[in-house]
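This report refers to the structure that appears directly beneath it.
All of these numbers come straight from a predicted model, not from anything done at the bench. In what follows, chains carry the letters A, B, and so on, assigned in the order in which the sequence lines appear, proteins first and then strands, with residues in each chain numbered from 1. Quick note: numbers below take in every heavy atom, side chains included, and nothing from hydrogens, waters or symmetry partners.
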Amino acid sequence: MQTQLSMINNYLSNLRNYLPDDLKQEVSAELEASILEQIEDQQEQLGRPLNQSEQEQLLRAIGHPMRVAAAYLPNQQLIGKEYFPAYKKTLELALTIVFALIVLFSVPSIFSNERIFTGVASLLGNLADTGLTIFAIVTLVFYLMQKSGVSLDEIYAWSPKSLSNKADKLSLSRVEVGFEILFYLLFLAWWHDAIGLPESLQANDRLSVLALSAEWQQVALAINLIIGFSIAINIYKFAIAGWTRFSLVADIILCFAALGVLYTISQFDQYLAINIELEQNPDRDRIFKNVSNTIGYILGFIAVVNIWDIYSNVRKFLRL
Amino acid sequence: MTEQDHFQKLKLELRRGVLVIAVLSALRQEHYGYSLRKILLAKGLEIDEGTLYPLVRRLEKQGLLQSQWREENNRNKRFYQLSDDGKSILKKLTIEWQQVEATLNTILE
């Protein structure tokens, strides 16, 4: 009996622990009276005292003390459903603006950094860090607005006359676009590094036995522009989380431009430059041919991806 | 989510709306928490303590119920009863409920 009473007392003490001071005693006393009376009722029906397991079942039916206590508290949501649409929109806007600014201001420092991949990793860390800070600040502001009862009419102040026409859009996952931006940044980092290799060849660097030939300089600017515009378009897509006619057309144009660059590359006499070390290697021709073929396959694959993108974007455009 | 899960979720939403009317109506007579729960159960409305007691407290805070602690059978209990504001609200809610029921029955036919 002592164990059973201590089980109920423990339950009630836990409940009190989760309640605010002004509710502790009243709620606990009310529930205690209810529990004891239920036990009496059940004992009367059974004609015997309840055993420990039956009392345990009774307490389980009432629920976890934390959940029971939570039902007495006024606000059970960090951001209530009425404030949530404005909260979500504000968060999206704040994150997009801050992320775009960070990427924009980080690009020069990434490319002036000797280790470009370290620069990109630092950018990603910076994005995650700032993203979490923005998330915390916006959440806190909305929580305080909700707590202080800022009128929803003020938050959602609007007039039918002031509504602008919104372009139709097809939904798009921000995660997908985020990965695309990351891919372009990594590519840009690699490309920036690779295009500088002919100079290091002269230094007979062991790591750069093969490097891109000087002919690639013809398309360097075009590639930089295509990737740069692709990043800009993707930031726009990330901001609105969707495809619009504008972004589809821009994407199609960039795909055609990429195909033009790929065609120019396919006309190169040779993709690679060879350093002196490889020049003396008896397998030189075989290595050279294999690597050139691999580059050819990669270029072919990129062309197929671009053609597929054009086809898929035209289909999306027709759906809008 | 299975059909049964959907049903349970919708049933809960449906009941949540009418629970206030049921509790206010039952408290036209004085009750303490457990006796209120028993009387609702006897009339076919099963409701757990975790939902009923906070609801009663909320209604009291809104001024629709009045309460007092009293000893009964050597135990301190909090007795609740409809306040004047509660009576007026219950009257309006009852009319509203009857209209909703009539409308819904017409739609369901």
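Under 3.5 Å, the side chains of B/Thr2 and B/Asp5 contain a donor-acceptor pair of N or O atoms.
Both the backbone and the side chain of A/Leu36 come within contact range of chain B, with heavy atoms under 4.5 Å apart. With a 4.5 angstrom heavy-atom cutoff, A/Glu32 does not touch chain B via any of its atoms. Neither the backbone nor the side chain of B/Lys61 has a heavy atom closer than 4.5 Å to any heavy atom of chain A.
Considering only heavy atoms from C-beta on, A/Ser247 comes within 4.5 Å of A/Thr244 through its side chain. Looking at A/Tyr87 and A/Leu91, their side chains come closer than 4.5 Å, going by heavy atoms from C-beta outward.
Counting heavy-atom pairs closer than 4.5 Å to chain B, the top-ranked of the candidates A/Asp41, A/Leu31, A/Val27 is A/Asp41. The residue among A/Arg67, A/Glu30, A/Glu37 with the most heavy atom pairs within less than 4.5 Å of chain B is A/Glu37.
Note: B/Tyr32 and B/Phe79 have perpendicular aromatic rings, judged against thresholds of 30 and 60 degrees for the angle between ring planes. Classified by interplanar angle (parallel below 30°, tilted 30° to 60°, perpendicular above 60°), the ring pair A/Tyr18/A/His64 is tilted.
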